Amino acid sequence: MQNRIWDRILLFLQWLIAAIFIFAGISKIINPGTFVRDVDNYRLLPYLLVTIIAIILPWVEILCGIFLIAGKWKKGTAFSLLVLTFIFLIAISTAIARGLDITCGCFSNTVEGIRLGYTRLIEDVILFVLAGLIYMKSKKDQ
Amino acid sequence: MTSLLKNVPPKTIKEAIWIILVATLLGFLVNLFHPNKIQISGKRPSLPFAADTVPAQDLPGVMITANSSEQEKMVRLLFINTAELIQLNANNQVLLIDVQSQIEFLKAHLPGAKNFPPSKLLADKAKLDSLPQEKWLVCYGNEPGSKQAELVAGDFVTAGYKFVAIYYDGLVGWKKAGYEIEGKKGENYAK
């Protein structure tokens with residue numbers, strides 16, 4: 001009984017995380033220029049890599065979201081999300097540590113952007129934990 | 001990390017790689033037909049800097065294109081670099097607006113800058129009215145390309161100031177260029 005409730009909660013969280021990533025991906029595709037600038041503002045990568053990542057990353061997010069909802073390639077999707085959120089965590093942490101006054105680039109559809117700070121870091125930690133839970137579950141279901 | 005990856009089944013990694021490959025294909029395909037497509041280049045596009053040779057008074061002002069509603073005003077702001085800022089400053093035509101938090105401002109800011117953190121700027125009419133209309137209000141933040149500086153500059157434009165610009169390089173760029181700063185970390189800290 002308890003397992004069933006836990007499974008349902010996890011399924012709900014899975015759909016939630018999928019919706020977040022699909023929305024984030026679409027918003028970046030709509031405003032590619034803003035997203036390039038947001039990624040570039042982190043000052044972690046050369047500009048050529050920034051442009052390539054800005055082209056690919058939104059689609060990785062969207063595909064992960066779609067696959068999560070569809071329940072296809074569950075392990076690979078969950079693993080991709082885990083890696084993705086881990087990379088975001090590192091990027092956000094280093095930006096905060098360097099005192100960068102930038103927007104996070106998580107949802108590039110807002111003109112004013114969402115300012116980078118500890119709130120974003122906490123949100124990303126939550127996403128990372130959720131991705132981890134989904135990955136563990138998919139491994140268990142194997 | 002390597003040991004962690006070793007525990008991941010090869011099938012999982014294979015699926016993840018497929019996701020990235022499909023995303024790459026879709027990304028480049030969509031970008032090809034996107035109206036605002038990303039130009040793949042190793043060179044950062046230059047910012048709309050005003051030419052160094054243009055006299056300060058003739059620098060293009062800020063343009064506002066009013067849309068259907070007041071809130072949807074599109075603000076195009078002028079970005080200037082260090083050389084242009086110095087040029088403007090030499091003619092005593094600049095009031096520097098530092099958008100950092102008060103604590104950060106006290107630590108370091110450009111000489112003569114006033115502190116205007118972004119929050120509630122428009123609501124503080126007395127503070128807004130205290131600024132000169134005939135000078136360039138040049139907003140800057142700590143980092144180059146500060147979004148907060150853009151927000152504050154936008155607020156000034158909304159409040160009716162015609163000469164508003166953003167010093168893109170920010171405090172970091174100013175220090176990097178070797179110019180002096182004021183504040184606890186600076187050389188000219190006013191005691």
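Only a predicted model underlies this, so the values are computations on that prediction, with no experimental measurement involved. Within every chain, numbering begins at 1; the chains are lettered A, B, ... in the order of the sequence lines, protein sequences first and strands thereafter.
- Contact of L63(A) with chain B is made through the side chain alone, with heavy-atom distances under 4.5 Å.
- If you run ring-ring contact (aromatic ring centres under 6.0 Å, His included) between Y161(B) and each of F156(B), W136(B), F116(B), only F156(B) comes through.
- When the candidates P32(A), P58(A), A78(A), G33(A) are compared by the number of heavy-atom contacts under 4.5 Å with chain B, P32(A) comes out ahead.
- Between chain A and the options S41(B), G42(B), P35(B), G170(B), heavy-atom pairs under 4.5 Å are most frequent for S41(B).
- When L26(B), L25(B), T24(B), I19(B) are each tested for a side chain to side chain contact (heavy atoms under 4.5 Å, CB included) with V22(B), only one passes: L26(B).
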Check the pair I55(A) / I40(B) against side-chain contact (heavy atoms from CB on, under 4.5 Å), numbers first and verdict last. CA-CA 9 Å; I55(A) 289 171; I40(B) 302 161; 3.7 Å; yes
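- Heavy atoms closer than 4.5 Å to chain A are found in both the backbone and the side chain of N36(B).
- Interface remark: V36(A) contributes side-chain atoms only to the contact with chain B (heavy atom separation under 4.5 Å).
- Of the two parts of V172(B), neither the backbone nor the side chain holds a non-hydrogen atom closer than 4.5 Å to a non-hydrogen atom of chain A.
- Side-chain contact check for Y167(B) and T82(B): at least one donor-acceptor pair (N or O, by modelled atom type) lies under 3.5 Å.
- In this structure, R37(A) pairs ionically with E150(B), as a charged nitrogen and a carboxylate oxygen lie closer than 4.0 Å.
- The contact between L45(A) and chain B is made entirely by backbone atoms, counting heavy-atom distances below 4.5 Å.
- When heavy atoms are compared at a cutoff of 4.5 Å, L57(A) does not approach chain B at all.
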Evaluate Y140(B) against D98(B) for side-chain hydrogen bond (donor to acceptor under 3.5 Å, both in side chains), listing each step before the verdict. CA-CA 5 Å; Y140(B) 72 91; D98(B) 189 304; 2.6 Å; yes
